[in-house]
Amino acid sequence: MSSRHTKHPHIKRMKSKPFWKVSFQLMGVQIRKQGFATYELAEDFYIETRRQIRNGSYFKGSSVFKSSATMKELYEYYCSNQGNKRAVRTQANGLQQWRLHIAPFMGHLRADKVSRRVLAAFVDKLRSKGLVDNSILPAKAEVSNILKLALNYELIDFLPVWPKLSPKPKHKAYFSPEEVLRVVSFLPRAQQKTMALVNYSLMLRINEVMALTPADFNFEDNTVLINKSVVRDLRHLPFSQRIGPTKNRISRVLPITQQLADLVRNHIQTLGPGRDDNGPMWISNRGTCLSEAHYQVALRTAGRSAGFKKKMTSHTLRKSMLTYLLNHSGMSVTNVAYLGRHDVKTLLTAYVEPDTEQVFEFYRSKNALNEVLTCDIAAKSHKQTPQVIDIASESES
């Protein structure tokens, strides 16, 4: 049977060996298989494979990773498949972690060689470079994504255990409304004062502040739409091409007081009638979008000029308003989390400083037990934002 000849175009004898090979393409699937001892075996494979391709049950074996696949090969596959569904900024951060830290240490290893000992040595290596546990977490997340991919493809039997990391979130300083008013008064330009008050009153992140446009404000209802932010890595592009979603992809309409609405309306009028409503809200001396660094430097300088040793930043303004609302406004924590566009857990652990004096004063009162049992504390909340933004009118005066 090994001497059998055929004119079948897809089943041919190999030239160098006494075996048969199958090569054909059907419905976009390319099949090349060789090493069949007899013509009948090759023909059976040919008929069965065509049947599977037609009914959709064929699985291309080359899509399965070999057991010798390295972490580099797995990462390349991850970036072109599951990883490309992440945000652009997340992909850029992950690629940076891979190039700087992960690839030099374990890029050449097979997935099954990445054991608990390897991960412990990896963490120690990053710590020896001067990285704290907060900075190691992004690298850990990127490696974990690759190991989960290896687990799905049965390259490893279980996920190795990471050594314990102890991230310590650094809380920003807290400024009272009176202190914020004093810092704002030391800002040299009217635009910077308006920008700081918008940042403080609406509890915005810096990228959300920079992404504001005149079209986002509705002066009939006194509301503002927060649904976008600027991407730092695209600062070399025009403003319209730098816009992306917010950090947690939340789109929300927030109320603003009449004082803030008047202040923002006056600022928009200074931009001129020819200015695009979808263009940048904050303009530099050159007529382009104001840089984030210019605003941050102005805040730090104003904080020092006001006589404060604690550091003033845009994120400090956000935290200060969230802390004030939770400790002094009477609003419930869920309402404050709604305005801050965060979940309650993140709000309490990373942003708000508790007013311990208020807690002890309540429990030392005579009716503390009764109020706790009747849940009157949870029922006390206000539906409107407190008039903290009144400092806007005072600063202009």
Side-chain angles (χ1 to χ4, degrees), residues 127 130-137 166-210 212 229 232 247 259-260 263 282 284 290-329 331 333 336-337 339-342 346-361 385-397:
R127 286 171 176 166
L131 273 68
V132 297
D133 287 3
N134 297 62
S135 302
I136 297 176
L137 286 177
S166 302
K168 299 178 181 178
K170 184 178 180 182
H171 285 278
K172 304 295 183 181
Y174 168 72
F175 286 77
S176 65
E178 294 76 18
E179 292 175 334
V180 172
L181 171 61
R182 177 171 173 78
V183 173
V184 170
S185 65
F186 278 88
L187 290 171
R189 298 178 55 189
Q191 175 178 250
Q192 295 172 349
K193 295 181 180 180
T194 304
M195 196 172 179
L197 292 172
V198 170
N199 186 175
Y200 176 64
S201 303
L202 300 177
M203 299 149 285
L204 300 180
R205 305 176 182 90
I206 180 59
N207 289 343
E208 296 170 348
V209 176
M210 305 304 300
L212 284 175
S229 63
R232 286 193 178 100
K247 179 180 179 180
Q259 293 86 352
L260 182 61
L263 195 65
W282 319 110
S284 66
L290 185 70
S291 68
E292 174 188 335
H294 179 85
Y295 173 59
Q296 297 283 24
V297 170
L299 283 178
R300 289 197 296 268
T301 304
R304 290 193 297 265
S305 300
F308 297 111
K309 293 183 179 181
K310 49 188 178 181
K311 189 177 180 180
M312 168 61 78
T313 65
S314 63
H315 204 73
T316 300
L317 292 175
R318 170 177 165 83
K319 178 204 172 172
S320 297
M321 175 56 91
L322 289 172
T323 301
Y324 174 84
L325 290 178
L326 193 61
N327 290 337
H328 305 289
S329 69
M331 296 183 68
V333 63
V336 177
L339 292 174
R341 303 170 309 287
H342 255 315
T346 304
L347 174 70
L348 296 178
T349 56
Y351 284 91
V352 176
E353 293 183 3
D355 187 355
T356 56
E357 294 183 1
Q358 186 182 25
V359 174
F360 280 92
E361 181 181 357
T385 306
Q387 300 294 323
V388 182
I389 198 57
D390 289 343
I391 61 176
S393 58
E394 298 180 17
S395 64
E396 290 300 316
S397 61

Gap separating the CG atom of Leu187 from the OG atom of Ser185, nearest 0.5 angstrom = 8.0 Å
Output all residues satisfying ring pair (Phe, Tyr, Trp, His ring centres under 6.0 Å) with Phe308, sequence neighbours left out; order by chain, then residue number.
-> Phe175
For Val132, check side-chain contact (heavy atoms from CB on, under 4.5 Å) against everything at least two apart and list the hits.
-> Asn134, Ser135
Who are the side chain to side chain donor-acceptor pair (under 3.5 Å) partners of Lys311, not counting sequence neighbours?
-> none
Heavy-atom donor-acceptor pair, Arg341 side chain to Leu339 backbone, under 3.5 Å | yes
side-chain contact (heavy atoms from CB on, under 4.5 Å) involving Ser229 - partner list, sequence neighbours excluded = Asn207, Glu208
Return yes if some donor-acceptor pair links the side-chain N/O of Trp282 with the main-chain N/O of Ser291 below 3.5 Å, else return no.
-> no
Between the CZ atom in Arg205 and the NZ atom in Lys247, the distance rounded to the nearest 0.5 Å is 6.0 Å
Quick one: list whatever passes side-chain contact (heavy atoms from CB on, under 4.5 Å) with Arg304, sequence neighbours left out.
-> Arg300, Thr301
dist Ser201:OG -> Gln259:CD (nearest 0.5 Å) comes out at 9.5 Å
Is there a side-chain contact between Leu290 and Gln191 (heavy atoms, below 4.5 Å)?
-> yes
Got a second to check how far Arg318's CZ is from Asn199's CG, nearest 0.5 Å?
-> 9.5 Å
Residues forming a side chain to side chain donor-acceptor pair (under 3.5 Å) with Thr316, sequence neighbours excluded = Thr313
Contact check, side chains of Met195 and Leu204, non-hydrogen atoms, under 4.5 Å | no
What distance separates Leu131 CG from Leu137 CG, expressed to the nearest 0.5 Å?
-> 10.5 Å
